[in-house]
Protein chains: 2
Amino acid sequence: MSDPLDDVFAALADPTRRTILAMLLEDDMAVTDVAEPFEMSLAAISKHLAILTRAGLISQEKRGRVKWCKLEPDALRGASVWMQGFGQFEPVNLDAFERFLESEFNTAPGDHSPEA
Amino acid sequence: MSDPLDDVFAALADPTRRTILAMLLEDDMAVTDVAEPFEMSLAAISKHLAILTRAGLISQEKRGRVKWCKLEPDALRGASVWMQGFGQFEPVNLDAFERFLESEFNTAPGDHSPEA
DNA sequence: ACGATCGTCAACCATTTGGTTGAATATGCT
DNA sequence: AGCATATTCAACCAAATGGTTGACGATCGT
């Protein structure tokens, strides 16, 4: 009954969560490591990660006692498409959009070289 | 001290507000007319519009006793760019993106034909 | 000047959010 | 077995959110 965009945008509305996503852009991380740079409890970060998971923006896989967090960038697609409905642009042709991105950046899928 | 993205994404997280934005895509509207299709008080809509205004997503101009609401799609740019930092796409060349959109849809700026 | 319309304000309310702490659970190490 | 580490759970809290209603100030039409 509730639009997934609700969860995605709500998840993105918090700066801590956006920072977490940016961190995960570089590499998958364990919950404890995600929490390390923040001045807030591990439990708080755990909640943030749960929210990101519910929004589909990350996935969490438990391996041993460590739970690994992985960015799921595809979850941003819906939101991105929605937003592109504004501006002067018409409802967007995603296939063409992807072709455009490919030709622009010549990037193989999943091949993002971390800059740090 | 607080990131404008906080306000933009928070504004977008509510389905009522997203619907309002979609309505304004077709045309500028008076507050009362924005409120009409919703089953909630005018005051509630007025608050939603205030939130959209604070996020920069719309502007409001009072002409006579009527306050006109106008979509400000540029406010989505920052959020859009932020999001495009994810996925497999690298930090995006917006100019190229716009050229792409132009060539795809061949649409004069502001010329959006409403489908309803 | 009067009444109707447009929109906001103020007070209130229930629910959600973002954080805390301490206990609990699950796994790994020796 | 026993202890340390990784993570969540539960209870709690303050503040923010999304809604209501009723009163209010502006402006329009007659």
Side-chain angles (χ1 to χ4, degrees), chain A residues 1-24 27-71, chain B residues 1-24 27-72 79:
Chain A
M1 184 78 198
S2 93
D3 195 319
L5 285 185
D6 292 7
D7 289 335
V8 172
F9 282 128
L12 295 179
D14 185 278
T16 300
R17 288 192 292 263
R18 285 200 308 277
T19 302
I20 291 174
L21 291 177
M23 291 166 57
L24 291 177
D27 226 331
D28 298 359
M29 295 179 77
V31 173
T32 305
D33 295 332
V34 170
E36 197 269 333
F38 295 97
E39 288 186 335
M40 97 183 49
S41 71
L42 182 60
I45 296 294
S46 181
K47 281 191 193 178
H48 281 302
L49 291 171
I51 289 170
L52 289 170
T53 300
R54 200 165 48 97
L57 290 166
I58 67 170
S59 59
Q60 295 182 286
E61 184 200 356
K62 191 168 176 182
R63 236 158 40 218
R65 65 179 160 178
V66 170
K67 203 167 191 176
W68 292 92
C69 305
K70 179 177 163 43
L71 193 61
Chain B
M1 183 82 196
S2 94
D3 195 318
L5 286 185
D6 292 7
D7 289 334
V8 171
F9 282 128
L12 295 179
D14 185 278
T16 300
R17 288 192 291 262
R18 285 200 308 278
T19 302
I20 291 175
L21 291 177
M23 291 166 57
L24 291 177
D27 226 331
D28 298 0
M29 295 179 76
V31 172
T32 305
D33 295 331
V34 170
E36 197 269 334
F38 295 97
E39 289 186 336
M40 96 183 49
S41 70
L42 181 60
I45 297 294
S46 180
K47 281 190 193 177
H48 281 302
L49 291 171
I51 289 170
L52 289 170
T53 300
R54 200 165 49 98
L57 290 165
I58 67 170
S59 59
Q60 294 182 286
E61 184 200 356
K62 190 168 177 182
R63 241 165 28 223
R65 64 178 160 180
V66 169
K67 203 168 191 174
W68 291 92
C69 305
K70 179 177 163 43
L71 193 61
E72 295 290 348

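Because only heavy atoms are used, hydrogens play no part in the values below, and waters and symmetry mates are left out as well, while side chains stay in. Naming convention: chains lettered A, B, ... in sequence-line order (proteins, then strands); numbering from 1 in each chain.
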What about B:Lys62: does its side chain form a donor-acceptor pair under 3.5 Å with the base of C:dG7?
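Side chain to base: no pair present.
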Hey, what bend do you get for the helix from C:dA1-D:dT30 to C:dT30-D:dA1 if you fit axes on five pairs at each end, rounded to 10°?
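It comes to 30° between the two terminal axes.
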What is the distance, rounded to the nearest whole Å, between atom [atom1] of [X] and atom [atom2] of [N]?
X       : N      : atom1 : atom2 : answer
B:Lys67 : D:dA26 : NZ    : C1'   : 12 Å
B:Gln60 : C:dG7  : CD    : C1'   : 10 Å
A:Lys47 : C:dT17 : NZ    : P     : 11 Å
A:Leu49 : D:dA6  : CG    : P     : 15 Å
B:His48 : C:dG7  : NE2   : P     : 16 Å
A:Trp68 : D:dA6  : CH2   : P     : 11 Å
A:Arg63 : D:dT5  : CZ    : C1'   : 17 Å
A:Arg54 : C:dG18 : CZ    : P     : 10 Å

I'd like to know if the side chain of B:Ser46 and the backbone of B:Leu42 have a donor-acceptor N/O pair within less than 3.5 Å.
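No; judged by distance alone, with no hydrogens or angles, the pair does not exist.
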Can you give me the closest heavy-atom contact between B:Ile58 and B:Cys69, atom names plus distance?
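Closest pair (atom of B:Ile58, atom of B:Cys69, distance): CD1-CB, 4.4 Å.
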Is there a side-chain contact between A:Leu12 and A:Leu21 in this structure, where contact means two heavy atoms from C-beta onward sitting under 4.5 Å apart?
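Yes; the side chains approach each other to less than 4.5 Å.
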If you define the side chain from C-beta out and look only at heavy atoms, does anything of A:Arg17 sit under 4.5 Å from B:Phe9?
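No, every pair of side-chain atoms sits at 4.5 Å or beyond.
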Within the pair A:Ser46 and D:dT7, is there a side-chain N or O less than 4.0 Å away from OP1 or OP2?
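No, A:Ser46 has no side-chain N/O under 4.0 Å of OP1/OP2 on D:dT7.
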Kindly point out which of [options] is positioned nearest to the side chain of [X]?
X       : options                : result
B:Val66 : C:dC6, D:dG18, C:dG28  : C:dC6
A:Ala43 : C:dA4, D:dA6, D:dC9    : D:dC9
A:Asp14 : C:dG28, D:dG22, C:dG18 : C:dG18

Positive for side-chain contact (heavy atoms from CB on, under 4.5 Å) with B:Leu52, one of B:Val34, B:Asp14, B:Leu24, B:Ile20
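One option only clears the test, and that one is B:Ile20.
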Let me see the working for A:Arg18 and B:Asp3 under side-chain contact (heavy atoms from CB on, under 4.5 Å), right down to the final yes or no.
CA-CA 11 Å; A:Arg18 285 200 308 277; B:Asp3 195 318; 3.5 Å; yes
Evaluate the side-chain contact (heavy atoms from CB on, under 4.5 Å) criterion for residues B:Met23 and B:Asp33: first the C-alpha distance (whole Å), next the side-chain angles of each, then the deciding distance (0.1 Å), finally the verdict.
CA-CA 10 Å; B:Met23 291 166 57; B:Asp33 295 331; over 6 Å; no
Under the side-chain contact (heavy atoms from CB on, under 4.5 Å) criterion, do B:Thr53 and B:Glu72 qualify, and how do the steps go?
CA-CA 9 Å; B:Thr53 300; B:Glu72 295 290 348; over 6 Å; no
Criterion side-chain contact (heavy atoms from CB on, under 4.5 Å) on B:Thr16 and B:Met40, from CA distance to verdict
CA-CA 10 Å; B:Thr16 300; B:Met40 96 183 49; 3.7 Å; yes
Of all of residues 28-42 of chain A, which get a heavy atom below 4.0 angstrom from DNA chain D, listed by number?
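Correct list: A:Ala30, A:Val31, A:Thr32, A:Leu42.
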Identify, between A:Ala13 and A:Gly64, the residue whose nearest nucleotide on DNA chain C lies closer to the 5' end.
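Nearest nucleotide further toward 5': that of A:Ala13.
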